[in-house]
Amino acid sequence: MVSSTSTSTSASTVLSTKLWLFLLFVSYSLSLNNVDAQSLNDVKKQSVEGVASTNTWKKYKIFDNKQDRFGVGGAVSRAAAFVSSTATATTDDNDTINIKVKFGGNNTIGAETASQATPLVAALASSDSETKGLFRATAKAAKRGGGGTDDNEVKSSRSSKSKNGKSSKSSKNGKKQWSPTATELFFAGDPRSVGEGTTGNAVNAANTNEITLDVSAGSMYSLMVLSDGSTAAAGYIQDINEYKGHLGVVNRVEAANPLVTITDVVNLIGDAVVAPSFQKIYAGVETSPGSGLMHSVFIDVNGNVYAAGNNGNGQLCTGDTSSRDMPVQVLLPGQAVSAAVGADFTLILMATGDVYGCGSNQKGALGLGKSTTQTNSPMLVDGLKSVSSLSAGYDFAVFQTISGLFVTGANTFGQLCLDPSEYDDDIIFIPVLLLDLDIESFKAGYQSSYLLFDDGSVASCGRNDAGQLGDGSFDDSSRTVVSLSSDTRVIKLGVGPSAKSFFLIDSLKRVYAIGSNSNGQLGLGDMYDRNGPAWVNIAENISFISVGDTHSLFS
C-alpha cells in the first residue's frame with residue numbers, strides 16, 4: 001500500500017552550498033580531476049569565514065549542549081585550514097579548562113573539562129596537518145566520554161548531567177564514568193520485535209514502559225541498555241533451528257521472546273563471566289530475508305567489544321566461524337568507540353581513529369581490497385586514517401575521516417551515492433572519496449544512504465522501492481534530495497542496517513517519517529508507505545530513533 005508524498009511538506013526544497021557541492025562532486029568520478037580544486041576551496045573558505053564573522057556557531061554545532069557539545073572537531077579543523085586561528089587556555093577553581101579559539105575575530109568556543117580540553121588546545125596550537133587529524137580524533141573521542149557513543153548514532157542525552165540534573169559520577173581514579181540520560185522508550189510496528197506476543201501492529205508510537213540509555217533495532221529484534229546499566233534483548237524467532245544467538249541469551253523459543261537481561265559473556269580466555277556494563281549496542285540485519293541469520297555487537301564502558309549470533313563468515317571477529325549464543329569478547333589492539341554491523345560483516349572504530357573489519361568482504365563492505373574475500377579476525381582497513389565515525393548498511397559502509405567522506409561496498413542501487421553507470425563493476429572494494437567535506441551527520445540504511453548537511457538539508461541515495469529516499473518518487477537514485485519544507489531544519493537522522501524506513505528530527509524536535517510502513521513502523525496510524533517526510537504525532541521529546549525492518553524505536 002502506497003500513498004504519495006506527505007501533505008505536511010511543500011514543494012519547496014532547501015539546498016545549501018554544501019548540498020550543491022555534494023551533488024556536483026558525486027557527478028564527477030572519485031576525485032576533483034574534473035573540478036577546479038581552488039574554486040572548491042574558496043567556497044569552503046567563504047563558508048567558514050562567514051560563520052566566524054557572524055557568530056552563528058550553532059550552525060556548526062560549536063557550542064550547543066542540546067545537540068553536540070564536542071562538535072567543535074569538524075568546524076575547527078575546517079577553519080584551521082583556511083582561517084587564521086589561535087588558542088589559549090585558563091584553569092578556573094572547578095578544574096575546568098576554558099578554551100578560547102579565535103577565528104580572525106572575537107568569536108570563541110567555550111569550556112570543556114580538563115581531561116578533554118588539554119589535548120585539544122595542544123593540537124590547535126600546531127599547524128601540522130597530522131596533528132590536526134589527531135585533534136579531530138581527540139575531539140570526537142572526548143565527545144564520547146572516553147570510548148562511547150558515535151556522532152552518527154548517539155542521542156542528545158550524552159550531556160554530563162543526568163535526567164535529575166545531577167552530574168555524572170567519577171570513579172576512584174578520577175575519570176568521568178559514562179552517564180547518559182535515561183529516557184522513555186516508545187515503539188511502532190510489529191510488537192514481536194520488542195518481545196510482545198500480542199497480535200496486530202502498533203501503527204502509532206506506543207510506550208514500552210522501559211527507561212533506556214541506548215537502543216538498537218535489528219531484523220525483528222531489539223537491544224536495549226536499561227536505566228540500571230544492564231543490557232537486555234527481545235525479539236521474534238521464526239525458526240529455532242536457524243537461531244544462532246543474536247539475542248545474546250541462551251534458551252530462546254520459537255516465538256516472540258520477551259525482554260531478557262544479558263547476564264553472562266565469554267571473556268578472552270574462554271571463561272563465562274558476569275556481563276559488564278555496555279554503553280553501545282548494535283543490532284544486525286538478516287543475511288537474506290527470512291533466514292533468521294544475523295549478529296549483534298556490544299561495546300562496554302571500557303571500550304571492549306563483544307559479539308554474538310551468526311558467524312558463518314567470521315563476522316563475530318573471533319578467529320573462527322562458530323556461531324555464539326552468548327556475547328564473546330573480541331581481541332583488539334586498544335579501546336573501541338563505535339561499531340557498525342552489516343549482514344555478514346562487522347566494522348569497529350578504535351579510539352585511535354583506526355578501523356578494523358571482519359567477516360565477508362565479497363561485496364567490498366570491509367574495504368580490504370578484492371583479494372581479501374573473508375577475514376575471521378579483525379583486520380586493519382589500511383585505506384582509512386583518522387576516522388571519526390562510521391555507518392553500515394546491508395552490504396556497504398560509509399566513513400567520515402579527516403580527509404572527507406569515504407564509501408565502500410555494493411553500489412547496486414547507487415547506495416554509495418556514486419553513479420553505477422560510471423563504473424565497470426557495481427562493487428567498490430577499496431574505500432573511495434565521496435565528498436571532501438566534514439558533513440553534519442550521515443546514516444546507512446538497508447541499501448540506501450543519507451547525508452545531513454550543516455544547514456539542515458538532507459541528501460539521499462540508493463534503493464527507493466518503498467520511497468525511503470524521501471524525494472517524492474519511488475525511483476532508485478545515486479544522488480537526490482529529501483523534500484523538506486522551507487521551515488524544516490533537520491538535526492538528527494534515524495535509520496538502521498535492516499531498515500527501508502527513515503526518520504528525521506528537526507530543530508523544533510518534530511519527528512518525520514519516510515519509507516516502508518508495511519507493519520506500521522512509521523507510527524503514522526496506518527500502513528501506507530511514504531515517499532516524502534510525514535509528521536509523526538508523538539507527544540514525547542524524541543532525540544534518538546533506531547529503525548529495524550518491521551519496527552522503530554523512539555527515545
Side-chain angles (χ1 to χ4, degrees), residues 149-155 187-189 193 214-223 280-286 294 338-343 347 389-400 405 407 409 413-417 439-453 458-471 477 480 482 484 490-506 511-519 521-524 529-534 536 542-555:
T149 47
D150 183 280
D151 184 43
N152 288 301
E153 297 164 344
V154 70
K155 310 179 246 187
F187 87 97
S193 300
D214 189 35
V215 296
S216 184
S219 296
M220 289 292 289
Y221 78 108
S222 304
L223 298 176
K280 289 300 298 179
I281 47 181
Y282 303 89
V285 50
E286 289 180 305
M294 64 204 93
S338 184
V341 175
L347 292 160
S389 52
L390 75 174
S391 185
Y394 174 78
D395 51 10
F396 69 103
V398 187
F399 312 86
Q400 180 71 61
L405 200 66
V407 293
F413 301 95
Q415 59 262 50
L416 300 184
C417 299
I439 65 174
E440 195 78 356
S441 182
F442 61 92
K443 291 280 190 179
Y446 182 68
Q447 289 175 315
S448 309
S449 296
Y450 306 92
L451 282 66
L452 172 60
F453 293 87
V458 181
S460 56
C461 60
R463 191 169 180 172
N464 197 32
D465 56 326
Q468 60 265 44
L469 296 188
D471 64 353
S477 177
T480 189
V482 175
L484 297 170
V490 177
I491 61 172
K492 291 283 183 67
L493 307 176
V495 69
S498 66
K500 289 187 179 181
S501 310
F502 169 53
F503 288 83
L504 309 169
I505 302 176
D506 74 2
V511 175
Y512 296 91
I514 303 168
S516 176
N517 197 30
S518 57
N519 293 85
Q521 61 264 45
L522 298 186
L524 298 173
D529 294 348
R530 301 299 201 280
N531 62 6
V536 181
I542 300 301
S543 61
F544 181 77
I545 304 172
S546 182
V547 192
D549 58 339
T550 63
H551 73 298
S552 305
L553 300 175
F554 309 84
S555 63

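One-based numbering along the sequence shown.
- The distance from the CD1 atom of I514 to the CZ atom of F503 is 9.5 Å, given to the nearest 0.5 Å.
- Between I542 and I505, the shortest heavy-atom distance links the atoms O-CD1, 3.7 Å.
- Counting only distance, with no hydrogens or angles, the side chain of Y282 and the backbone of V341 share no donor-acceptor pair below 3.5 Å.
- Here the OG1 atom belonging to T480 is positioned 6.5 Å from the CG atom belonging to L469, to the nearest 0.5 angstrom.
- Remark: the backbone N or O of C461 is not paired with any side-chain donor or acceptor of S449 at under 3.5 angstrom.
- For V495, the side chain to side chain contact (heavy atoms under 4.5 Å, CB included) partners are K443, Y450, A499, F502, not counting sequence neighbours.
- Of all the heavy atoms in L524 and A534, the pair that sits closest is CD1-CB, 3.8 Å.
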- Item | Derivation of the side chain to side chain contact (heavy atoms under 4.5 Å, CB included) call for V536 and L522 | CA-CA 8 Å; V536 181; L522 298 186; 5.8 Å; no
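- Two residues are said to be in side-chain contact when any heavy atoms from C-beta on lie closer than 4.5 Å; D214 and F544 meet this criterion.
- Interatomic distance, Y394 OH to S498 OG, rounded to the nearest 0.5 Å: 11.5 Å.
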- Stepwise side chain to side chain contact (heavy atoms under 4.5 Å, CB included) check, R463 with Q415: CA-CA 7 Å; R463 191 169 180 172; Q415 59 262 50; over 6 Å; no
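- Side chains of L451 and V398 form no contact here, defined as non-hydrogen atoms less than 4.5 Å apart.
- Minimum heavy-atom separation, I545 to V511: CD1-CG1, 3.8 Å.
- Between the S216 side chain and the A283 main chain, a donor and an acceptor come within less than 3.5 Å of each other.
- For the atom pair F396 CZ and Y446 OH, the distance stands at 11.0 Å (nearest 0.5 Å).
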- Message: Pair N519, H551 - check side chain to side chain contact (heavy atoms under 4.5 Å, CB included), show working.
- Response: CA-CA 7 Å; N519 293 85; H551 73 298; over 6 Å; no
- Task: Kindly indicate, with the supporting measurements, whether the criterion side chain to side chain contact (heavy atoms under 4.5 Å, CB included) is fulfilled by L504 and L484.
- Result: CA-CA 10 Å; L504 309 169; L484 297 170; 3.7 Å; yes
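- In plain terms, the two heavy atoms of G284 and Y221 that are nearest each other are N-OH, 2.6 Å.
- Using a 4.5 Å heavy-atom cutoff, the side chains of C417 and V407 are not in contact.
- The two residues G470 and N464 come nearest to each other via the heavy atoms N-OD1, 4.3 Å.
- Distance check, rounded to the nearest 0.5 Å: OG of S546 to CG of L223 gives 9.0 Å.
- In this structure, the side chain of S222 engages the main chain of S193 through a donor-acceptor pair within 3.5 Å.
- A donor-acceptor pair under 3.5 Å links the side-chain atoms of D549 to the main chain of M220, judged by distance alone.
- For the atom pair OG (S338) and NZ (K280), the distance works out to 7.0 Å, reported to the nearest 0.5 Å.
- Between F554 and Q521, the closest heavy-atom pair is CZ-O, 4.4 Å.
- With hydrogens and angles ignored, the 3.5 Å screen pairs a side-chain donor or acceptor of S501 with a backbone N or O of S516.
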